[in-house]
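What follows is a set of notes on a single structure, which appears directly below.
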Amino acid sequence: MTAQASTFAAAPVSDSAPHPCTIVIFGASGDLTARMLLPALYNLALDRRLPPRLSILCYARTKWTDEAFREEARKNVEKHSRRPIDPDVWDSFAAGIFYSYGGYDDPEGHDRLNERLREVEAERDTGGNRLYYLAVPPTTFIGIIEQLGRAQAQGKGGEGWSRVIVEKPFGVDLASARELNRAVHSVFDEDDVYRIDHYLGKETVQNILVFRFANGIMEPIWNRRYVDHVQITVSESLGVGSRGSYYNGSGALRDMLQNHIMQLLSLVAMEPPLAIDGRSVRNEKVKVLNAVRLFEDDEVAMATARGQYGPGWVAGEEVPAYHEEEGVPGGSQTETFAALRLFLDSWRWAGVPFYLRTGKRLPKRSTEIAVSFKPAPQLLFHDFVEKPHLEPNVLSIRIQPNEGISLKFLTKVPGSPPRMRPAAMDFLYGASFVAQAPSAYETLIMDALQGDATLFTRSDEVEAAWTIMERVLSGWSSMPPLELPNYEAGTWGPAAADELIERDGRQWRRL
Ligand code: NDP
Ligand code: BG6
């Protein structure tokens, strides 16, 4: 087996080869395991990146045998893997999959699981290293952690390392996030806790750090002196699908802004870290979140916008209103669109607005970070422009789709009379790299196996992000109920979102 570096391994490659271990997946009968985790693990097996003798012990309440679960796993991998099944690789991968059943907070089920775990560890010589993966609804997180603590107190912990991956959402507000952090820390050290934000596993998101800090030309202009404003958009054309009942208790702010968009903001705005490792990078990210100016209730109306989609047309298809989706109660006030204008009280970003927006059933799927620069100081080309102003230089980082980076600048149109037009320098991943990128889950699982937490969120980051969101939620709850729906599916959100940015004399980018 070739030793592989973790995504941002600080250690020499030879030190970072993953150890044999057992991954224990709680919630193994669920959607995440079927669509993301098993396909990711299988693709890692296909690339021969998994540690030797890796074992996967799956656990859920559904009663299955090892064989029945392996059959089920194969069907799911066939359906969801980014590459087809290679029968030889599958056979050796599947031989390492085991199944045990029981309730998530049920001591009897956990005793059975521990017994099975011991057998698997002995049979496959995994050295007692364990990676627990909580792929279950968040209501069951604490019950599982308590049972893991009970096993540890009874001396049934592994002899090697034990780490835990916790899925999102990490809490529904600051108090619940703190409670979950307390529960997790009663059993695991923070260094062994891997909170998933799958955006951090995306290649284009990791590239933000490389783009900013591996190139000398960016940092000198990446600040309030040159940047006019920043826009971060995560737009989705899909609705809530079959997740209506989860989503209705969440909404766009909790589902996307608190986690994914706050992570993008941190990476774009952070200071250069001392090193590319979990501690240094996350120290800088959390400083950004702590620098966000917190809203008072009476500021929320002017600095935020929210909405919910009504019926409409997306990509030529007629789609229902949010409140008609499965699992959504009529009269729901849950927002499917949210926009915020934030300021960071830091030396680098003082006075620079960050406009953030996300929504479901918007015209297209597009995640982009756009850094808009201040205009040239003197307008020498009066006669060249048709508009009363020059178009700004914009650096746009396309996270997905059409992954790439482009810089818009003005150029002279050949011929006369003299005219100028914006042009773009464009970098496209697809045109520059042949290899298919690994999925976010492949990257993140591999990093957790190697003990590299750089791409996972730390307890203080999660709490800082909730502190920001709580002020928005508090402002919204003090405002009169909205007249909903307030945007048509297939449009760019409610009028209030345009008003939010237009009050500052700016506009959302057309994507
Ligand atoms: P599921 O709803 O599919 O639940 C996973 C398993 O948990 C189910 O198969 C079921 O197994 C058990 N379960 C379901 N509901 C309950 C309940 N109320 N009480 C106890 N057990 C229950 O969840 P997902 O797989 O979709 O998600 C798992 C985690 O991953 C969640 O935290 C989710 O937020 C997160 N996530 C999921 C994504 C996805 O695309 N699915 C994307 C991003 C994050 P059994 O009955 O056999 O025990
Ligand atoms: C999840 C949200 O975390 O991210 C979903 O719960 C959302 O509502 C999804 O659709 C978006 O992820 P991606 O990778 O498709 O942009």
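- Under the salt bridge (Lys or Arg N to Asp or Glu O under 4.0 Å) criterion, the residue pairs touching residues 229-258 are K168-D255, E236-K360, with sequence neighbours excluded.
- Counting only distance, with no hydrogens or angles, the side chain of T140 and the backbone of P137 share a donor-acceptor pair below 3.5 Å.
- A side-chain N or O of R458 and one of N283 form a donor-acceptor pair less than 3.5 Å apart.
- Scored by the ring pair (Phe, Tyr, Trp, His ring centres under 6.0 Å) test, Y133 finds no partners at all (sequence neighbours excluded).
- Residue pairs meeting the salt bridge (Lys or Arg N to Asp or Glu O under 4.0 Å) criterion with at least one partner in residues 211-220, sequence neighbours excluded, are R212-E219, E219-R348.
- S366 and S235 form no side-chain donor-acceptor contact under 3.5 Å, judged by distance and modelled atom types alone.
- Identified under the ring pair (Phe, Tyr, Trp, His ring centres under 6.0 Å) test for residues 250-270, with sequence neighbours left out: H198-H260, Y199-H260.
- Residues satisfying the ring pair (Phe, Tyr, Trp, His ring centres under 6.0 Å) test with F427, not counting sequence neighbours, are Y429.
- The closest side-chain heavy-atom distance from Q231 to S372 is not below 4.5 Å.
- Annotation: salt bridge (charged side-chain N to carboxylate O under 4.0 Å, His left out) contacts of D173 (sequence neighbours excluded): none.
- Applying the side chain to side chain donor-acceptor pair (under 3.5 Å) criterion to K287, with sequence neighbours excluded, gives E284.
- Applying the ring pair (Phe, Tyr, Trp, His ring centres under 6.0 Å) test to pairs two or more places apart or on separate chains, none has a residue in residues 357-378.
- Note on residues 471-502: pairs passing ring pair (Phe, Tyr, Trp, His ring centres under 6.0 Å), not counting sequence neighbours, are F337-Y487.
- For R195, the side chain to side chain donor-acceptor pair (under 3.5 Å) partners at least two apart in sequence or on another chain are N181, E190.
- T367 places no side-chain N or O within donor-acceptor distance of the main-chain N or O of I399, the cut-off being under 3.5 Å.
- For the side chain to side chain donor-acceptor pair (under 3.5 Å) test, residues two or more places apart in sequence or in another chain that qualify with S332 are N248, T334.
- Using modelled atom types, one finds a donor on one side chain and an acceptor on the other under 3.5 Å when comparing R357 with T233.
- Each salt bridge (Lys or Arg N to Asp or Glu O under 4.0 Å) pair with one or both residues in residues 313-330, not counting sequence neighbours, would appear here, but there are none.
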